[in-house]
Undergrad: 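Here's a structure for you.
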Amino acid sequence: MAETAVPKIVPSVSAGEPVDLTRPHFVGIGGAGMLPVARVCAERGFAVSGSDVRASEQVENLARLGVSVRTGHAAEHLPADATALVFTHAIAPDNPEILAARLRGVPVVHRSAALSVLMAGHKAVGVLGTHGKSSTAGMLAVTLSRMGQNPSYMVGADLEEPGSGGRAGGESGLFVAEIDESDRTLLGVGVDVAVVTNIGYDHPENYARPADYVDVFEQFVRGLGPDGIVVLNADSPGCRELESRLRGGDGPQVVTFGESPSANWRLTQLASAGGRSSALLHGPHGREFYLGLRIPGVHQLLNAAAAMAALDALGQDLDLATEQLGYFDGVQRRMTSAGMMAAVRIFDSYAHHPDEVAADVKTARGLAGEGRVITVFRPTGQARLDAFGGQFATALAGSDAVVLVGDAGSISEASLGELSVSISQAGGSALAVETTREAAVACAADEAQHGDVVVLMGTGDLSECGLMLRRALADMTPLVA
């Protein structure tokens with residue numbers, strides 16, 4: 001069951017309603033979902049400002065586009081001529097900039113409403129699902145760009161340099177957007193093609209039951225109407241449930257992808273080795289394409305199949321698309337390299353759901369070869385750990401060793417201790433439960449041996465630990481094969 005609801009900000013307008021974004025102010029502008037929206041606004045010539053709790057390289061790059069960014073939150077940070085204040089539910093209702101906007105009559109607008117306004121007039125592709133949203137949206141953005149289509153896009157992760165998840169392309173061209181279902185604010189966002197990568201119960205803080213979670217996806221895709229196209233994962237039980245609900249009536253056209261023999265776009269001969277992955281993709285009318293990706297993970301081939309199905313729905317040249325998709329280097333924090341030291345390779349993972357954890361541990365196993373996999377894992381919130389603790393334990397037990405780390409008091413030490421015991425009971429090895437990133441990194445460095453792979457796994461600032469871990473490994477006695 002979901003926890004007692006945390007008070008949330010009530011927006012002035014909903015997604016789909018008119019919003020003046022000529023002078024927007026973003027609270028939490030450095031967030032993964034907010035920054036690409038702010039960047040598109042800036043590239044369209046709007047006067048953009050924002051605030052965040054801390055400075056970052058992503059925010060610094062945004063400032064180079066002329067965006068005014070303040071560190072910390074204060075009422076005076078809201079410009080006198082602001083036409084809208086944009087927020088996400090990561091922001092508290094008593095934020096001083098939110099209160100100042102309400103006092104002055106400035107519309108308080110959720111990110112989803114701003115996204116909806118920016119997509120208006122474009123051929124819009126929305127990518128949603130429990131896992132793989134950023135990677136699939138990134139594949140579409142990069143492939144279309146390399147094909148010369150000049151798309152606009154908003155991806156909730158960096159594609160290249162920090163802050164590169166957003167781009168304002170052609171004024172009347174294609175628009176690719178990652179759509180977030182976590183807080184139900186996707187309802188009202190209009191797209192022409194919806195790609196649902198998979199549906200597995202998530203966000204227990206907002207959805208009491210798995211059925212509630214599927215309901216939101218259904219409400220969203222029904223908004224496409226009979227002219228819309230929805231691309232569904234035939235291997236996902238949640239997507240199959242959604243497909244059954246959409247049968248008949250005047251809903252959107254359904255296209256499926258996956259390994260299932262029933263899929264319209266079917267994958268065979270899937271393989272992942274040496275940091276690359278490949279498969280054959282069999283499409284309608286006997287079409288066949290070789291997918292060769294230079295990123296690891298069988299699950300990425302499913303994302304690629306979803307992207308290909310969407311590109312077909314957009315009427316793109318699929319032979320050219322297949323070629324350009326092969327240049328996709330992945331999005332940051334999705335099993336991306338965080339360096340190497342003392343023959344120990346380090347990878348950065350955003351995985352925070354049991355299915356994602358299992359997929360990335362499997363990918364790490366393929367990268368490690370004869371070496372071991374050491375996972376430094378930080379759970380995301382008590383509600384998520386309460387709901388998925390046993391599943392996390394099973395997924396993490398696929399590692400050779402696990403170091404657990406807390407999150408600034410938001411997760412009880414007792415819960416982390418229980419997770420540690422569960423990992424051991426599932427056949428894994430839980431080395432330690434640490435309260436700080438520094439202690440967790442030191443523990444992993446002490447355990448690592450020549451040829452091992454260390455995965456820094458979880459949301460938040462765990463991604464900053466790559467350099468920390470390399471330094472810890474460098475300070476140790478040189479490792480010998």
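These numbers come from a predicted model, not from an experiment. Scope of the values below: all heavy atoms of this structure, side chains included, with no hydrogens, waters or symmetry mates.
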Undergrad: Under 3.5 Å, is there a donor-acceptor pair between the side chain of Ser51 and the main chain of Arg70?
TA: no
Undergrad: For the side chain of Arg111 and the backbone of Val37, is there at least one donor-acceptor N/O pair under 3.5 Å apart?
TA: no
Undergrad: Where is the tightest heavy-atom contact between Ala141 and Pro151, given as atom of each residue plus distance?
TA: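 Reported closest heavy-atom pair: O-CG, 4.0 Å.
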Undergrad: Looking at residues at least two apart in the chain, or sitting in another chain, which of them share a side chain to side chain donor-acceptor pair (under 3.5 Å) with Asp192?
TA: none
Undergrad: Ring pair (Phe, Tyr, Trp, His ring centres under 6.0 Å) with Phe46: which residues, sequence neighbours excluded?
TA: none
Undergrad: Regarding Tyr350 and Glu356, is there a side-chain donor-to-acceptor distance under 3.5 Å anywhere?
TA: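 No.
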Undergrad: Closest approach of Ala306 and Thr136, non-hydrogen atoms and distance?
TA: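 Nearest heavy atoms, Ala306 then Thr136: CB-CG2, 4.2 Å.
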Undergrad: Before you tell me yes or no, could you show the steps for Thr375 and Leu396 under side chain to side chain contact (heavy atoms under 4.5 Å, CB included), namely the whole-Å CA-CA distance, both residues' side-chain angles and the distance that decides it to 0.1 Å?
TA: CA-CA 8 Å; Thr375 302; Leu396 289 165; 4.0 Å; yes
Undergrad: Distance-only, no hydrogens or angles: does the Ser260 side chain make a donor-acceptor pair with backbone N or O of Ser262 under 3.5 Å?
TA: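 A pair under 3.5 Å: yes.
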Undergrad: Go through Asn150 and Arg167 one step at a time and tell me if the side chain to side chain contact (heavy atoms under 4.5 Å, CB included) criterion holds.
TA: CA-CA 9 Å; Asn150 194 24; Arg167 178 177 180 270; 2.7 Å; yes
Undergrad: Does Glu259 offer a backbone N or O that forms a donor-acceptor pair with the side chain of Arg266 under 3.5 Å?
TA: no
Undergrad: Output yes when a side-chain donor or acceptor of Asp452 lies under 3.5 Å from a complementary backbone atom of Gly371, and no otherwise.
TA: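 Flag not set: sc Asp452 to bb Gly371 has no pair under 3.5 Å.
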Undergrad: Can you give me the closest heavy-atom contact between Ala42 and Leu65, atom names plus distance?
TA: CB-CB, 4.4 Å
Undergrad: Tell me, with the steps shown, if Gln316 and Thr143 meet side chain to side chain contact (heavy atoms under 4.5 Å, CB included).
TA: CA-CA 10 Å; Gln316 297 297 310; Thr143 301; over 6 Å; no
Undergrad: Between the side chains of Asp215 and Arg245, is the shortest nitrogen-to-carboxylate-oxygen separation below 4.0 Å, so that they form an ion pair?
TA: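 The answer is yes: the pair qualifies as a salt bridge.
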Undergrad: Which pair of heavy atoms, one from Ala310 and one from Val195, lies closest together, and at what distance?
TA: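 Closest pair (atom of Ala310, atom of Val195, distance): CB-CG2, 3.7 Å.
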Undergrad: Is a side-chain donor-acceptor pair under 3.5 Å present for Glu178 with Ser134?
TA: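 There is such a pair (donor and acceptor under 3.5 Å, judged by atom type) between the side chains of Ser134 and Glu178.
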Undergrad: For a side chain to side chain contact (heavy atoms under 4.5 Å, CB included) check, start with the C-alpha distance between Phe347 and Thr336, then their side-chain angles and the critical distance, and finish with the verdict.
TA: CA-CA 5 Å; Phe347 290 86; Thr336 47; over 6 Å; no
Undergrad: For Pro252 and Leu224, work out which heavy atoms get closest and say how close.
TA: CB-CB, 4.1 Å
Undergrad: Parallel, tilted or perpendicular: which describes the rings of Tyr213 and Tyr201, with under 30° parallel and over 60° perpendicular?
TA: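 Answer is perpendicular, since the angle exceeds 60°.
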Undergrad: Using modelled atom types only, decide if a donor and an acceptor are shared between the side chain of Thr197 and the backbone of His131 within a distance under 3.5 Å.
TA: yes
Undergrad: Looking only at side-chain N and O atoms, does Thr256 offer a donor or acceptor that is under 3.5 Å from a partner on Asn264?
TA: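 Looking only at side-chain atoms, Thr256 and Asn264 do form a donor-acceptor pair, the distance falling under 3.5 Å.
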Undergrad: Could you check whether any side-chain N or O of Ser112 sits under 3.5 Å from a backbone N or O of Thr185, counting only pairs where one atom can act as donor and the other as acceptor?
TA: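 Here the side-chain-to-backbone pair exists.
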Undergrad: Over 60° means perpendicular and under 30° means parallel, so classify the ring planes of Phe392 and Phe377, tilted if in between.
TA: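 Ring orientation, 0 to 90° scale: tilted.
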Undergrad: Does the side chain of Tyr153 come under 3.5 Å of the side chain of Ser145 through a donor N or O and an acceptor N or O?
TA: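 Per modelled atom types, Tyr153 and Ser145 side chains form no pair under 3.5 Å.
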Undergrad: If the plane angle is over 60° it's perpendicular, under 30° parallel, otherwise tilted; pick one for His89 and His110.
TA: tilted
Undergrad: Hey, could you give me each pair passing salt bridge (charged side-chain N to carboxylate O under 4.0 Å, His left out) that has a residue in residues 309-318? Not counting sequence neighbours.
TA: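 Of all non-adjacent pairs touching residues 309-318, those that pass salt bridge (charged side-chain N to carboxylate O under 4.0 Å, His left out) are Arg287-Asp312.
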Undergrad: Within the side chain of Lys362, is there an N or O that forms a donor-acceptor pair under 3.5 Å with the backbone of Ala358?
TA: no
Undergrad: Can any side-chain N or O of Asn303 pair as donor or acceptor with the backbone N or O of Ser135 at less than 3.5 Å?
TA: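 Between the backbone of Ser135 and the side chain of Asn303 there is no qualifying donor-acceptor contact (under 3.5 Å).
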Undergrad: Quick check: does any side chain N or O of Ser399 sit under 3.5 Å from a backbone N or O of Val402, one acting as donor and the other as acceptor?
TA: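 It does not hold such a pair.
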Undergrad: Are side-chain N/O atoms of Asp202 and Thr130 paired as donor and acceptor at under 3.5 Å?
TA: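 No.
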